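Data first, discussion second: the structure below is written as structure tokens.
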Amino acid sequence: MQRQPQTDERSDRDDPSTDGLNPQQRTAVEHLVGPLLVFAGAGTGKTRVITHRVARLIAHGVAPWQILAVTFTNKAANEMRERIIDLVGLAAGGVNVGTFHGQCLRILRRDFHRIGWESDFSIYDATDQLRAVKQAMSDLDMPLNTVSPQAVRNEISRAKDELATPHEYAERAEGFFQETTASIYHRYQRVLRSAQAVDFGDMIAYAVQILRESPEARTAYHGRFRFILVDEYQDTNRAQYYFVRELAAGHGNVCVVGDDDQSIYSWRGADIRNILEFEDQFPAASVVRLERNYRSTKRILAAANEVISKLATRAPKTLWTDRADGDALGLVEAFDEDDEAQQVLEVVRKLSADHQVARRDIAIMYRTNAQSRAFEELFVRLGVPYQLVGATEFYNRKEVRDVLAYLRAVANPRDLLSFERMANVPRRGIGATTLKSLRTWAEQTGLAPGELVRWLSQQADAPDAVEADVPLGGRARRALTELGRVMRKLDTLASELPVGSLINAVVQETGYDDVLDNDPDRPEERWENVVELAAAAGKYDEFEPREGLQRFLYEAALVSEVDNLAEQSEAITMLTYHAAKGLEFGVVFMTGMEEELFPHIRSHDDPDQMEEERRLAYVGITRARDRLFMSYARFRSGWGTPVRFPSRFLGDIPREHLVYERRLDEQPGLPPVAPVTAQAEPQAPTERTFRDGQKVRHRVFGEGLVVSGKVTRFDEEVTVMFEGAGLKHLAVNMANLEALN
DNA sequence: GATCAGGAGATTTTT
DNA sequence: TCTCCTGATC
């Protein structure tokens, strides 16, 4: 695992006694039995409470393995494990720390047979899910444009977050989209089932099902996990709540820690009710509120409080701190995204020179992963060390997915998606039609395509085999037989080689090395990724080959963050606001503080989502200990309108806490924008000046007709059909359109 | 029936 | 910028 930056108050590491805890923290630590809810505001010593609580439980004779600690991310789980060991000693390594999905995986591995599954299965991630949705739609003879497969995937995931089965979902489905989704969902589950595969939502759902339906399993887990601890409880979804409830049903020793102000995952099904209604769901629960912030300066905290106070709904609380006022928050106005990166780097240099701030204590945060690009390019060019958290999407690289598809097709011959992904890579003359007839044949025989091709190859090897009825053309049959031969070879290798070496063998045996060599754009990079994958798999070489393979595949599915190649202690950290939750840094740069980016444009028409953006801004601000900088660009290439305006969140911060580090001189071509510190709302036109059907002239595009238009917060946008240039979306302030009639 | 080329569309946040 | 999809070609 990559070395992560500090979590909450790593700085004051201490002995397991309750000395040095404030009264609220102590209350939380000393409460041992029964349900407990800890409202832990940002920087209030949450991690400290958790680790001390664990220490105290162990001091009271609870065995480490009787404690189950659940987090939301692998990052958080690793941090928590480390902190517990730091405090309690190695003996505490036995505490069961893991993500929801990791914990459920263990239960499935052990007890999946109780509900009719095998203990080896494939885990389908979001990309696989999408393919499975398309597969389901095609099974139903439904054109892919009937409904958006992405939307259906998300809808299915939301349903699973609520533990709704296809049947339950269908019962309450309303309207065309939901009713269509209902039938796809039904079929989708069959696709997964026959592939012996589960998606993320299934993992929770099946674990709950096991706990509910198997008395043996239920008794075993109740006996095993006597104390349950859930971190970031505000981000749990309904299914996860049921999971916790089932586990805690025997004894009620469940401690949840969270902060409704930091709830930022409702788009993933997080249900704020879980934390707000905890006292109803677990009667006799004690509630502790941590409101003293140890992390940030007064001015940073004031900004945070101001931003979060504009929420329409939240549990009342006010963070306070004893720390000094600190510096004002620095504002950086940039021309565009490249300039933004430059300017941020300028400030970083100044900080290093004037205040000896170490780069490892600096974080650059952004709303979307794509924003990291400008920073990366600059930093690479200048040799500035940085580390990217998450995001790299290593496991979404084509070559990585290809190799993994081979491994999964070997580990689980029934895994249809993996099989079909690798079936024609490299090209073997197996096209869509061949695969389709193979699937049909599979349905008739009850065998999976992966099993059938192996059988074909066996038949071919046995000269006196009885000629069975094979519904395939000669060419297709030959190609599939050859594929079966490769698969059988891989089967053998998988039983002999540790998984790290297996990857190398797979690449050679299958001819995938040629695919990599002949890659049109970046063969070296693709090779590097495959090598890196093999290196990651090497961790499992100590296991029996088959077992190591299976474990590696589970990890690959559940770990989204990759080890960065080298540990760079002197590197600037770059990460999204979402990924920053739970971390803290001496200096934080909140970049891209622009309307339509942060708050994100997709949140603009939904008040609930807008509130979530605000909480996300709050999370960003409260990551900073000593210094906070916020930057925005006046132009940003890419999508949407190129002209940008400062984020409303900037306007919410009292001006006495803000100071410009850098402002642009007003230049020709730059639309005027009032300084953020003095700004209320930007002036927006109230009605359209160009009507539909109006003829206009543009300096570059020539003459055209206005097709549609709308008034936005800051400007008027029109869509114009130009005679030469086609359809264009234009911002009226920028485009200098001339009305012609 | 497979492959190729070109175009279109889509890009939030993550286990 | 990149991936997916479609339609045309071999």
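Naming: A, B, ... by sequence-line order, numbering from 1 per chain. Keep in mind it's a predicted model, so treat the numbers as computed, not measured.
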[X] near the nucleic acid: base, sugar-phosphate alone, or nothing, with a heavy-atom cut-off under 4.0 Å?
X: R427(A); answer: sugar-phosphate
X: K134(A); answer: sugar-phosphate
X: D125(A); answer: nothing
X: F100(A); answer: nothing
X: S603(A); answer: nothing
X: Y577(A); answer: nothing

Using atom [atom1] of [X] as one end and atom [atom2] of [N] as the other, report the distance to the nearest whole Å.
X: R268(A); N: dT14(B); atom1: CZ; atom2: C1'; result: 4 Å
X: R602(A); N: dA10(B); atom1: CZ; atom2: P; result: 10 Å
X: R153(A); N: dT11(B); atom1: CZ; atom2: C1'; result: 12 Å

Between [X] and [N], does any side-chain N or O lie under 4.0 Å from OP1 or OP2?
X: T576(A); N: dT12(B); result: no
X: N145(A); N: dC5(C); result: no
X: R367(A); N: dT12(B); result: no
X: T433(A); N: dA2(B); result: yes

>> For the P atoms, the ones on dT11(B) and on dT6(C), what distance do you get once it is rounded to whole angstrom?
In response: 16 Å
>> Could you check whether Y632(A) and F598(A) have their ring centres less than 6.0 Å apart?
In response: no
> Between Y188(A) and K134(A), is there a cation-pi geometry (under 6.0 Å to ring centre, at most 45° from the normal)?
Replying inline: no
>> Is the positively charged end of R602(A) above the ring of W267(A), judged by distance under 6.0 angstrom from the centroid and angle within 45° of the axis?
In response: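 Judged by the rule, R602(A) and W267(A) form no cation-pi pair.
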> Would you call W267(A) stacked on dT13(B), i.e. ring centres under 5.5 Å apart with the planes less than 30° off parallel?
Replying inline: yes
> Is H600(A) stacked on the base of dT12(B) when the test is centres under 5.5 angstrom and planes under 30 degrees?
Replying inline: yes
> Among K581(A), R615(A), R314(A), R614(A), which one satisfies salt bridge (Lys or Arg N to Asp or Glu O under 4.0 Å) with D261(A)?
Replying inline: R314(A)
